[in-house]
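Chain A is the first sequence line, chain B the second, and so forth, proteins listed ahead of strands; every chain is numbered from 1. Heavy-atom basis, side chains included; hydrogens, waters and symmetry copies ignored.
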Amino acid sequence: MARVVVDVMLKPEILDPQGKAVHGAFARLGFDGVADVRQGKRFEITLEGEATEERVAEIRKAADTLLANPVIEDYTLHVEGDR
Amino acid sequence: MARVVVDVMLKPEILDPQGKAVHGAFARLGFDGVADVRQGKRFEITLEGEATEERVAEIRKAADTLLANPVIEDYTLHVEGDR
Amino acid sequence: MSTDTVSNATSTPDVEQPWAELGLKPDEYQRIRDILDRRPTSCELAMYSVMWSEHCSYKSSKVHLKKFGDIPQETPAGKMLAGIGENAGVIDIGEGYAVTFKVESHNHPSYVEPYQGAATGVGGIVRDILAMGARPVAVMDPLRFGPLDAPDTKRVLPGIVSGVGGYGNSLGLPNIGGEVVFDSTYLGNPLVNALCVGVMKHEDLHLANATGVGNQIILYGAKTGGDGIGGVSVLASETFADGGPTKRPAVQVGDPFMEKLLIECTLELFAARIVEGIQDLGGAGLSCATSELASAGDGGMYVSLDKVPLRDASLAPEEILMSESQERMMAVVTPANVDRFLEICAKWDVQADVIGEVTDTGLLQIDWHGERVVDVPPRTVAHDGPVYERPFERPSWQDDLQADGAEKLPRATTGERLRDTLLKLIASPNLCDKSWVTDQYDRYVLGNSVLAQPEDSGMIRVDETSGLGVAVSTDCNGRFAKLDPYTGAKLALAESYRNVATTGARPAAVTDCLNFGSPEDPGVMWQFSEAIRGLVDGCIELGIPVTGGNVSFYNQTGETPILPTPVVGVLGVIDDVTRRTPIGFTAEMEGHQLYLLGE
Amino acid sequence: MKIGVVTFPGSLDDVDARRAAAVAGAEAVPLWHGDADLHGVDAVVLPGGFSYGDYLRAGAISRFAPVMDTIIKKAGEGLPVLGICNGFQVLCESHLLPGALIKNHHRKFVCKDQGLRIENNRTAWTSDYDANHEITIVLKNQDGSFVADEATLDRLEGEGRVVARYLGNPNGSYRDIAGITNERGNVVGLMPHPEHCVETLTGPSTDGLGFFTSVLKAVVAS
Ligand SMILES: Nc1ncnc2c1ncn2[C@@H]1O[C@H](COP(=O)(O)OP(=O)(O)O)[C@@H](O)[C@H]1O
């Protein structure tokens, strides 16, 4: 069984209230030296069988339509173990 | 400026309603052959300056106390570019 | 990177400017040149173009909206303390209290990005109410969608509903009513209208003006980012030496947590009596807030754009002026009170910066990096925009439509058929149970919701001791309005009025959101003018004024406009909420008699 | 008799909790998250809302507020503490109560009148209810699904620390759990909102009042 990971982040120019709140909490808790925090989503998709090129292309299509909202989000996709 | 990434996932024994919903949507859209989907959070933390060992240890502490709830979640941490 | 300063504009009169891309007509651009007696700088061009847009200037609707002034301005409950032209209308409801309420649209943004569009729609109307000096106490959301089974409705509807809920629930504002209506013309043009009600004591009333030379201008709330400035980037790109600016998002993302802090912080500032004038930042952002505050005040204001805290350091001055970043407010404060003001903001973790001051120049003057980039009479930006007398004409198909009466439809002749018809009716999306929507909204928070779904009106307790309260309903049947916009608008008003009256409250005032197709279509303009005529006549007959509202044009796909949709909100006052009349029949009512009133 | 109600940035039902305390006959004292002093209150309510926007995890950031340091210490000494909804989440994040609350299994915010069974009427906050008393109170949340590992759940049940259970599971909570207590019975976390159910005019019932009258008796008795 192979695993495909899709990381979805808000585009850099889009306000990220969640990241902002975490950044604020870092500061209050005394974790200094943090310039920015962005919070996104991580999907771990376990396939039945191999991560063939075709299957990965399918998942990529799903990422485009389902996992990420292209209006405000970007995503990256990788097969686990591949990097 | 260095970037530390913290990936937080629900522990395997905790039901993941969001992952389950995505899994269901995969099936409805005709993407077969998916055994499981889990949805977690990804934090991209940009440091002012280098990712020294000491700084990374601090972020790890923040992950233990703030970014992940050890009762239900596990996390992994890596410095970007390091893998 | 060069900045287009006023002196640069004076010395280079023939520079080509992208006024057309910004939506200005040739004569409008010429008018700006006449006003300034030179070409505008790119910052000035940005300000005029957005403030003279349909959305901000009401240029197509102004001549019609004026007719609301023909309605007597007294309400059956009490005096109107602020009316059309202010951020929201305010009426005296007795016992020293005043209420303010208004409905606004956020239609197109909700089509582009349903969750955020709807969320920021709620955020915007709540800030309008807050800016009057009131505590927001309830929201409502009249919604319109394409057919329930259309694929795009599956994208738009859940997003909009969770956006309305996500934002309103996070602010702790009970949702006390709304509408969910389906019609094919709303496919591609969903309507998201959001209404907010606020309560204040008379002495808390605040207006949007900048008076008192030397008073300080404070911008507080969220930092300014590139939100919602897709369009102006044509301007900014000219000031970037190579490659143009980085991407600018056309959608705004809301931060309801920030807005909640903004509400509590602002109410504490009011209570401390240190706010001379205040304005929320909505559409057109700083361009609107600075020019409107100055124009409604003594006329002069100086602003240093370098003082505006930025989320994105690469923003050009034009973009800073146009940014529609959410959750920001602007206040006018005497120099002596500035420290106290900043202290209260710090308590609530709200960023606040002095960015300028009230002057006696009669001009709105804005600097960037030490150079003047805006130098204009603020009235010409905010209040003296173009006014159009658009042609209107009763559509040729109107007669046929009206002639095609319901009496031609086949009638059920047997009990069985009648039963089928009834079942079909109550199972239809427009009539069925709406709890899939309303269960996602908090109707209990604040503990003053006397009536909420499934009631015909929402009702809020204003005073716990006396029981004074208000009821609000919103209604509109767009199909009636299409058959006959004049009568349709009257019917919307009458329905809303009845819904309020049946709770036991006395209807007192009207707000309206006029959702129509393109004003450049004479048929649509006719629908619009007829609807206003209907509202005016209806209000005069009922004896209640229109205290404010909103117009949304260009809701159409190709040549097909939406059903004319004049959503009417009526607010009523009840002396004692314990005497409200809920709908429905309960066990305690057994033995009561039923009466049918009216013809 | 003073009941303190904490306001965190983003608290929403603090006003309601203060009203409910007053209706029950207590003096309601507003407490501020940034102030470690409890101002002599006899019991504390952590109210509902979306503190810090619920952005990281519900309750995760609030638990680090200065007022929580004092509350955690005093709770250990027996101070009655009730966490409602977001307050329950804060109590779990603070490890005053076991388990955690995650997103509802249907992933939507839900607001409804919910049936509950009070299973433990020996806590500081539930003594005014009969054992197995069935009540209807308001449920409204986004992250209301109670989860914990099997061992923790077994221990909670074994020690009778399940305070309330849903009649009809509205959010996927493990074993229908709506509220739990600590060993000592002074700290209670509850997902639904008793503070919205103290007046028939504005709530579906007055079934929530018992939480507030119970604690008055608990304080007087101690
Ligand atoms: N979008 C909405 N937001 C909030 N409440 C709504 C919404 N749509 C409908 N409701 C409420 O649900 C109830 C039932 O709505 P509806 O079936 O349209 O009733 P009616 O036809 O009597 O107006 C009413 O109380 C109404 O205010």
Between OG1 on residue Thr46(A) and CG on residue Asp36(B), distance to nearest 0.5 Å: 5.0 Å
Glu58(A) to Phe31(B) - nearest heavy-atom pair and separation: O-CE2, 3.3 Å
Which atoms of Ile45(B) approach chain A - backbone, side chain, both or neither, heavy atom under 4.5 Å: both
Spacing of Leu10(A) atom CG and Glu44(B) atom CD [to the nearest 0.5 Å]: 10.5 Å
Any residue of residues 47-57 of chain A which, by heavy atoms, sits under 4.5 Å from chain B: Leu47(A), Glu48(A), Arg55(A)
Rounded distance [0.5 Å steps], NZ in Lys41(B) versus NZ in Lys41(A): 12.0 Å
More than 12 heavy atoms of other groups within 6.0 Å of Lys61(B) NZ: no
Close side-chain approach of Val5(A) to Asp7(B), heavy-atom, < 4.5 Å: no
Pairwise side-chain contact, Leu67(A) with Val22(B), heavy-atom cut-off 4.5 Å (strictly under): yes
Nearest-0.5 Å distance that lies between atom CD1 in Ile59(B) and atom CZ in Phe26(A): 5.0 Å
Among the listed options Gly19(B), Ala25(B), Ala35(B), Gly30(B), the residue most often paired with chain A at heavy-atom distances under 4.5 Å: Ala35(B)
Over all atoms of both residues, closest heavy-atom pair of Phe43(B) and Gln39(A): CE2-OE1, 3.3 Å
